[in-house]
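Encoded as structure tokens, the structure appears first; notes follow it.
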Amino acid sequence: MSVDLDWDNLGFEYRDVACHIKYTWKDGAWDAGELVEDPYVKIHIAATSIHYGQAAFEGLKAFRGVDDKVRIFRPEENAQRMQKSSERVFMANISEEMFTDAVDRVVTANTDYIPPYGTDGALYIRPVLFGTGPRIGIQPADEYTFIVLVTPVGAYYKGGLNAVDAVIIEGYDRAASEGVGSVKLAGNYAASLMPASIAKAQGYPINLYLDSKEKRFIDEFGTSNFIALKGNSYVTPCSPSVLPSITNKSLMTLAEDMGMTVERRPVEVNELAEMDQVAACGTAVVMTPINAVMYKSELHKTSGEGIDERLQALYDRMTGIQYGREEDKFNWCKTLDI
Ligand code: PLP
Ligand code: COI
């Protein structure tokens with residue numbers, strides 16, 4: 001380990017690393033990609049990404065395991081999701097092979113920045129695809145840039161399975177019912193900055209969105225999916241405006257494997273107080289238990305005292321697989337000997 005970082009207190013911040021990888025699509029084809037040290041990119045002033053939001057990103061992690069191997073969690077799932085995002089806003093397609101190869105190359109070039117085993121950190125991998133060709137009329141670009149940057153991170157909402165309170169900020173939607181919430185477009189996150197900052201000012205680190213049509217059903221958090229444990233069930237909303245989370249998909253498999261019933265269905269906001277345990281799940285937030293949700297000036301308790309043991313068991317299995325402590329029964333991790 002040649003870099004000197006405070007590995008135990010990384011937080012979720014951008015830090016410069018050795019390099020990123022950058023590809024350009026021009027005249028109908030991608031180039032071979034190159035590792036670039038300079039963390040700045042020069043683009044045309046009329047690039048479609050900066051005017052018309054033609055941009056999508058992904059988020060995944062590489063973990064230094066107990067056996068010193070590096071595991072990348074389900075990169076082909078992120079590749080497939082990026083293809084869906086890219087199709088939705090008419091960008092150049094990235095094959096699964098190109099995506100996963102880009103991830104392997106950039107992780108391999110930045111091994112010194114993968115947090116050591118035992119620090120609970122990971123190397124966050126952020127692929128981003130954006131239109132860089134100039135247009136002034138509203139049209140897709142004729143040139144695209146695909147970058148994969150990496151940066152070492154710790155917890156998004158401070159520390160392991162520590163519970164936080166959430167809030168539903170009225171007057172703001174994350175995604176329209178037939179809009180773009182189910183794909184990972186950059187603009188979705190621009191729209192979330194205002195409600196997230198209102199939530200923060202009220203003392204809540206995370207905000208929950210309801211469906212935009214009826215305001216009756218739970219969609220998801222601004223950063224992550226909504227999951228709940230109720231009796232022997234693992235409950236998560238089925239909604240066209242929710243981002244299909246790879247963490248949630250994996251947890252559903254684990255929950256079933258642990259003998260729970262998985263319910264993917266509309267979840268009414270007035271069911272909140274009936275849940276045994278609510279949590280947020282996603283690559284950045286991992287699993288974050290939600291103690292209570294503030295809605296219409298009332299605090300709805302969504303968990304009992306302490307952390308539900310089934311949530312703890314799901315967390316332990318998930319992180320166990322990622323850090324190589326548990327058998328990777330479903331073959332989720334891509335292992336690199338670096
Ligand atoms: N929902 C939103 C809005 C997100 O930004 C994320 C993060 O990527 C997720 C859910 C979780 O998805 P995943 O588990 O694939 O990281
Ligand atoms: C992720 O979990 O990777 C995301 O993209 C969410 C974002 C809030 C960082």
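Note: hydrogens, waters and symmetry copies are ignored here, and every other heavy atom, side chains too, is used. Whatever order the structure lists ligands and atoms in, that order sets their numbers, starting from 1.
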What protein heavy atom lies closest to [atom]? Include the residue and the distance to one decimal.
atom                   : answer
atom 9 (C) of ligand 2 : R126 NH2, 3.7 Å
atom 5 (O) of ligand 2 : K184 NZ, 2.8 Å
atom 6 (C) of ligand 2 : T223 O, 3.9 Å
atom 3 (O) of ligand 2 : Y124 OH, 2.6 Å
atom 8 (O) of ligand 1 : K184 NZ, 2.9 Å
atom 2 (O) of ligand 2 : A284 N, 2.8 Å

Side chain or backbone of [X] under 4.0 Å from ligand 1, or both, or neither, by non-hydrogen atoms?
X    : answer
N188 : neither
S245 : both
R174 : side chain

**Prompt:** Where's the contact between E58 and ligand 2, heavy-atom distance under 4.0 Å: side chain, backbone, both or neither?
**Reply:**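 Looking at E58 and ligand 2, no heavy atom falls under 4.0 Å.
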**Item:** Aromatic ring pairing F146/Y23, orientation class (parallel under 30°, perpendicular over 60°, tilted between)
**Value:**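 F146 vs Y23 ring planes: tilted.
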**Check: E220 N/O within less than 3.5 Å of ligand 1 N/O** = yes
**Request:** Check the surroundings of atom CZ in F90: do more than 12 heavy atoms from other residues, nucleotides or ligands lie under 6.0 Å from it?
**Result:** no
**Prompt:** Do R216 and E268 meet the salt-bridge criterion of a basic N to acidic O distance under 4.0 Å?
**Reply:** yes
**Prompt:** Using 4.0 Å as the upper bound for N to carboxylate O, is an ion pair formed by E327 and K329?
**Reply:** no
**Message:** Given F226, Y189, Y156, F73, identify the one with the heavy atom nearest to atom 5 (O) of ligand 1.
**Reply:**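 Answer by nearest heavy atom: Y189.
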**Prompt:** Taking all non-hydrogen atoms of both residues, which atom of Q277 and which atom of I290 are closest, and how far apart?
**Reply:**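 What the structure gives for the nearest pair is NE2-N, 4.2 Å.
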